[in-house]
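First comes the structure, then the notes that go with it.
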Number of protein chains: 2
Amino acid sequence: MKKGTVTIHDIARHLSLDSSTISRALNDSPRVTVKTKERVRKAAAELGYRPNLMAAGLRTQRSKTIGVIVPWISRHFFSSAISGIEQVAYQEGFRVMICQSHDDYDREVVNAFALFDNRVEGVLASIAMDTTSFDHLQRFKDEHTPTVFFDRYPPGIESCQVVIDDFDAAYRVTEHLIQQGSKRIAHFSGPRHLNIYRDRYEGYKKALADYDLALDPALVFDCRLLADDGIKGAQYLLSLDNSPGAIFSANDLAALSAMRYIQKNSRLSIPGDIAIAGFSNSPSTSIIEPGLTTVDQSGEEIGKAAAKQLITEIRGEVDTLAQEQIVIPSKLIIRGSSYKQ
Amino acid sequence: MKKGTVTIHDIARHLSLDSSTISRALNDSPRVTVKTKERVRKAAAELGYRPNLMAAGLRTQRSKTIGVIVPWISRHFFSSAISGIEQVAYQEGFRVMICQSHDDYDREVVNAFALFDNRVEGVLASIAMDTTSFDHLQRFKDEHTPTVFFDRYPPGIESCQVVIDDFDAAYRVTEHLIQQGSKRIAHFSGPRHLNIYRDRYEGYKKALADYDLALDPALVFDCRLLADDGIKGAQYLLSLDNSPGAIFSANDLAALSAMRYIQKNSRLSIPGDIAIAGFSNSPSTSIIEPGLTTVDQSGEEIGKAAAKQLITEIRGEVDTLAQEQIVIPSKLIIRGSSYKQ
DNA sequence: CAAAAAAATACAATCGATTGGATTTTGCTG
DNA sequence: CAGCAAAATCCAATCGATTGTATTTTTTTG
């Protein structure tokens, strides 16, 4: 960057060789003698040479970078997904560029442009709650830049998706709550244009139906599942004449704040009077008392699978248009917030 | 990237202009007519032109990117610091490249090289627990790439640091525990070659001294402050003949797991028999029962301040060698884990 | 040992955007 | 409308690495 930075030309001058030979030597090309490679490597190390990725990327048209868009890096699920992505990516020689949308459509668009401008070779994305238009992602398709979605994916896009079976997981949570004796089960849901919230809602609905329980629309609380929404949801449910015997929240954050609110502001016992379950198995769920029943979805496994898939697509080893869905196992974790001995 | 991608040359051909004019038009140079700028902008939008940052960066020797190294993006403090950094950076026209060291020296070195290879214009770093050698960071100094540290900084480096007053905060925590009646106060500490753990330890020590309490070395538990360490620390303290009346942990994670362990595996009441305090005000601390007394250090404010400082240094508006220390206010948050009515 | 084959290295163009200097075009003045 | 200054645009080199082709050097062989 600064004038002092060493380039292959400096090494070439230093060894009275041509820069092309230096380049090939450092890239371990068979066109350069082992002996020369040794000399070059030594000189490079001595001079403190470091490749300029912008120059290499410009020439090769390959940035060796994959872009990641997530709603929030601070959410445990996403930060562990990123860890999984990084593991695979670094191993395969890719760098990772991380962006967060804060669940906001406009920011997601800005992120997508930033990734494009950096000419990332592939994109891993989990879309924002506010995203209902997908032109900004379609662009990657148009340019044949592979895109793999994880957890949250847009409807009707021909891309691989790495997910858990949200329908089944939600079914099992609801079934568990029913088996613990709850007849009236409330549900905190996110926007249902998003696959995860739609599937969790449908799983909840199906379990109720299978156990001959009516779905009471008044017990479905639509929100963005933030901490405040959990409180509002709890307030709302407690205000009902006939408040429910259980809450299944589509994420942990809202479940936790609802539980906290109920503990502080009502005489209802948990799980005795009201059982609670969340979704994602974030760290707090095992720290609080009682522990929160939830669904463990391994962010790390999902991230790894998504990154592997993306990299095979980048390498052209598989058809990018394949609309495959990779389903990672999830697990119901039953804890004190719902388990009545 | 792919052959289809539009370049300024395509726009130039399309408008029968030279690519240099396109470049200047898009960069709003005074050397191009307003009318031409309009035509160029319109054509660029129509053709879906997006600049190639690698090409621009190579030519200008400016990547418009700042690098960030943190131990863990999943820790609330760091993810909020990153949010603060992003806010300032995007506003000032910089992109952000995030790396995590996982508190491991080797990974930190790899991260530093990756940032260098991408020719970031500045670095924001919070060093790993295992880092005791600093050559990998010194390199940025050598190349005159500004570096600003936040929270954790290396000893004796001439760089600006953005921190809270850890000594004072720890002093206030300890003083609070003393005022609540604890005479024997244990401390969970991280490696004290790191400023934050050293300062927190010293603040603890000073408060004890000021209140005429002896520092019992057997009550200082040295560890990495992970969840497991909290459990081990609690086990250790409970095994003592004369177990302490309070624990001040240098982070929340260890405090939370210790508290949880004590609640589950002893008959001691919190805060009655043993008071507990942590550090950082991570989200879990306000969700659990009792709430954990802690110190609020606004990651976002620290991130913002660090990014602002870094960008002024990048712009050359201030001497990079200035060893200024920017201190962001912190706040003692007293909750049920220590407050005895 | 000369000539051909093979190996090692050098040359030069290229990626896309930027930028100092040269050239062309426009606008004004007398 | 010639002459000239100012404005607008074009030309060409450049950033650092890569890579196809050309050239030089080394090795092999008859």
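Note: hydrogens, waters and symmetry copies are ignored here, and every other heavy atom, side chains too, is used. Labels below follow one simple rule: chain letters A, B, ... track the order of the sequence lines, proteins then strands, and each chain is numbered from 1. Since this is a predicted model, take the numbers as computed values, not measurements.
Atom P of nucleotide D/dA17 and atom CG of A/Leu53 are separated by 10 Å, given to the nearest angstrom. Following rounding to the nearest Å, B/Leu58 (CG) and C/dT18 (P) show an atom-to-atom distance of 11 Å. Remark: P of D/dG16 and CZ of B/Phe116 are 12 Å apart, rounded to the nearest angstrom. Protein atom CZ of A/Arg50 is 16 Å distant from nucleotide atom P of D/dG16, rounded to whole Å. For A/Asn118 and C/dA17, the CG to P distance is 13 Å, given to the nearest whole Å. One can place CG of A/Asn27 at 13 Å from P of D/dG20, the figure rounded to the nearest angstrom. Atom-to-atom, CD1 of A/Ile11 to C1' of D/dA17 comes out at 11 Å; the value is rounded to the nearest Å. For the pair A/His9 NE2 and D/dT14 P, the interatomic distance rounds to 12 Å; values are reported in whole Å.
The heavy-atom pair separating B/Ser63 from B/Asn118 by the smallest distance is CB-O, 3.7 Å. Summarising the geometry of B/Ser126 relative to B/Asp151, their closest heavy-atom pair is OG-CB, 3.7 Å, with the distance given to 0.1 Å.
With a 6.0 Å radius and a threshold of 12 heavy atoms from other residues, nucleotides or ligands, A/His102 has its NE2 atom above the threshold.
Residue B/Gln61 places none of its side-chain N or O atoms closer than 4.0 Å to OP1 or OP2 of D/dT14.
A/Arg50 places no side-chain N or O within donor-acceptor distance of the main-chain N or O of B/Asp117, the cut-off being under 3.5 Å.
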At a cut-off of 3.5 Å, list every protein nitrogen or oxygen paired with a nitrogen or oxygen from nucleotides 8-11 of chain D, distance to 0.1 Å.
unit_1 : atom_1 : unit_2  : atom_2 : d
D/dA8  : O3'    : B/Thr33 : OG1    : 3.3
D/dT9  : OP1    : B/Thr36 : OG1    : 2.8
D/dT9  : OP2    : B/Thr33 : OG1    : 2.8
D/dT9  : OP2    : B/Thr36 : OG1    : 3.1
D/dT9  : O4     : B/Arg31 : NH2    : 2.8
D/dC10 : OP2    : B/Asp18 : N      : 2.7
D/dC10 : OP2    : B/Thr21 : OG1    : 3.0
D/dC10 : N4     : B/Arg24 : NH2    : 2.8
D/dC10 : N4     : B/Arg31 : NH2    : 3.3
D/dC11 : N4     : B/Ser20 : OG     : 3.0

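Nucleic acid contact class of B/Thr7 (heavy atoms, under 4.0 Å, all strands): sugar-phosphate only.
Residues A/Gln91 and A/Gln87 have side chains that never bring a donor and an acceptor to within less than 3.5 angstrom of each other.
A centroid separation of 6.0 Å or more is found between the aromatic rings of B/Phe116 and B/His136.
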